[in-house]
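Data first, discussion second: the structure below is written as structure tokens.
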Amino acid sequence: MFRINENYLQLNESYLFSAIARREEKFSALHPEANIIRLGIGDVTLPLPPSVIKAMHKAVDEMAEKETFRGYGPDQGYGFLREKIAEIDFRQRGTDISPDEIFVGDGSKSDTGNITDILGEDNIIAITDPVYPVYLDSNVMRLGNSSKIMLLSCGEKNGFLPEMPSQRPDVIYLCYPNNPTGTVMNRTQLKQWVDYALENKSLILFDAAYEAFIRDREIPRSIYEIEGAKKCAIEFRSFSKNAGFTGVRCSYTVAPKALAARTAAGGEVLLNSLWNRRQSTKFNGAPYIVQRAAEAVYSPEGQQEVGEMVAYYMRNAEMIREGLTQKQWTFFGGENSPYIWLKCPGGMDSWTFFDRLLEERHIVGTPGVGFGSKGEGYFRLTAFNSHDKTAEAVKRIKGWEL
Ligand code: MLT
């Protein structure tokens, strides 16, 4: 009889957002009249920016002509996109990242999930709690519920930032602006982690999918703004939330050439080469049309349009913050992030609050405990709905007698 990877049996029965969708569907079937407002999964609602649409149309037309048709592209992404990323996301902001350190992917969910392919099984992996479930699940898939997975608890008293680990981890996942808590790390705090990683020869996997939402200039938008980070960190970026690509799928991973690891025999291996090898074996590159769409994000019009989209969502975050302040509920985030992390009122647990918010206010959010045990008693709202629906949700919450 063939054997399965039994580590899968140690995962929660379903992925968090699938479990939420099922509860919502069940409620909807019983109450078809309910006008449900979705502030749960961080999925965007605004259409793609006009310059992106224009670039996609043009790329589609190119695919219709013999002279301009494209088949397989480079596994790492087309040069036209990697060059724009290096120039605009990094060099113009004072960080020297070169195009061959950038690998275009089909989403940060895949990139952060797949990176485990290049990590040895003996590593001690540090993951914050609460956390974006992909980091934990992708490690449980290969290691099981192993003692090699170390949870760094992030509580209210520490502003939901992790404390330095008491035991040395080999790999540290950090996500800032943070999903789910909406908190950010300032330069000094991030520098502590970079210094720790350099000193302990640990690798930081830095998820910066929400960097476009940072308003405060003192908050670093990339880990490479911190000196030494190119020697200890891989960074993940996404076009999903800033440019509305959740349905289009495009992302990139930065694997600096200064980032080396030691083999058991004492040799040196560049992570850039390993990730390149992994991608060229298991990935045929993001579609040409999608990469042209991503390239358009870097045009002057694209930059302007994306800036407006982000500002639109941040206005929603502000509305939610104002509403919760008036309600005198405790909350975090929403200032440099599209996520607002609130403490469930009256000491309610996360799922009870989820059910009551859905049943009594017809609003879907995300229970904090779904992101880890330290999320129990908390709840995440997103700023990704429309102004109208966000305003209506805030009104419903304000008028709620609990
Ligand atoms: C979230 O809601 O946490 C994110 O949208 C999920 C994702 O980006 O995969």
Side-chain angles (χ1 to χ4, degrees), residues 11-12 14-24 36-46 105-116 127-139 141 154 160 173-184 205-213 235-253 286 290 294 309-310 313-314 316-317 320 332-334 336-342 350 354 357-358 363-372 374-375 378-386 389-390 393:
L11 296 165
N12 288 337
S14 59
Y15 186 62
L16 173 63
F17 295 104
S18 318
I20 291 170
R22 270 208 310 281
R23 282 207 191 200
E24 184 195 323
I36 296 174
I37 299 177
R38 292 178 188 86
L39 304 180
I41 188 163
D43 195 4
V44 293
T45 51
L46 289 174
D106 66 357
S108 286
K109 187 178 189 175
S110 331
D111 292 341
T112 55
N114 292 334
I115 199 76
T116 54
I127 297 178
T128 58
D129 178 4
V131 77
Y132 176 47
V134 173
Y135 317 151
L136 182 62
D137 284 3
S138 56
N139 278 288
M141 283 173 180
C154 301
F160 291 100
Y173 283 81
L174 295 178
C175 170
Y176 292 95
N178 186 253
N179 181 13
T181 64
T183 51
V184 283
L205 298 175
F206 190 74
D207 186 349
Y210 299 93
E211 57 79 34
F213 296 84
E235 180 165 299
F236 303 94
R237 295 269 192 111
S238 168
F239 294 91
S240 287
K241 316 293 160 122
N242 60 339
F245 276 43
T246 53
V248 175
R249 312 305 306 150
C250 199
S251 62
Y252 65 87
T253 297
V290 167
M309 282 169 73
V310 169
Y313 293 130
M314 289 310 284
N316 288 342
I320 299 173
F332 305 83
N336 292 289
S337 151
Y339 294 128
I340 290 103
W341 182 246
L342 65 96
S350 302
F354 174 92
L357 190 65
L358 177 58
I363 297 169
V364 177
T366 309
V369 72
F371 298 101
K374 296 289 186 256
Y378 294 89
F379 199 79
R380 194 192 76 174
L381 295 175
T382 84
F384 285 119
N385 214 316
S386 65
K389 288 196 177 164
T390 306

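First listed ligand is number 1; within each ligand, the first listed atom is number 1.
If you number the atoms of ligand 1 from 1 as listed, the ones under 4.0 Å from a heavy atom of Phe17 come out as 1 (C), 2 (O), 3 (O). Here is the list of ligand 1 atoms found below 4.0 Å of a heavy atom in Ile41: 2 (O), 5 (O). Those atoms of ligand 1 that come under 4.0 Å of a heavy atom in Asn179, given as number and element, are 1 (C), 3 (O). Counting atoms of ligand 1 from 1 in the listed order, those under 4.0 Å from a heavy atom of Tyr339 are 1 (C), 2 (O), 3 (O), 4 (C), 5 (O). Of all the atoms in ligand 1, the ones that sit under 4.0 Å from a non-hydrogen atom of Gly42 are 1 (C), 2 (O), 5 (O).
Partners of Phe371 by ring-ring contact (aromatic ring centres under 6.0 Å, His included), not counting sequence neighbours: none found.
When Leu46, Ile320, Ile363, Thr45 are each tested for a side-chain contact (heavy atoms from CB on, under 4.5 Å) with Asn385, only one passes: Thr45.
Ring centers of Phe160 and Tyr378: under 6.0 Å apart, within the cut-off. Phe213 and Phe384 have their aromatic ring centers within a separation under 6.0 angstrom.
Summarising the contacts of atom 8 (O) of ligand 1 with Lys241, Lys109, Arg380, the nearest heavy atom is found in Lys241.
Between Asp137 and Tyr15, the closest side-chain pair of non-hydrogen atoms falls below 4.5 Å. Under the 4.5 Å side-chain criterion, counting only non-hydrogen atoms from C-beta, Asp207 is not in contact with Tyr173.
The single protein non-hydrogen atom nearest to atom 6 (C) of ligand 1 is Tyr132 CE1, 3.6 Å, given as residue, atom name and distance.
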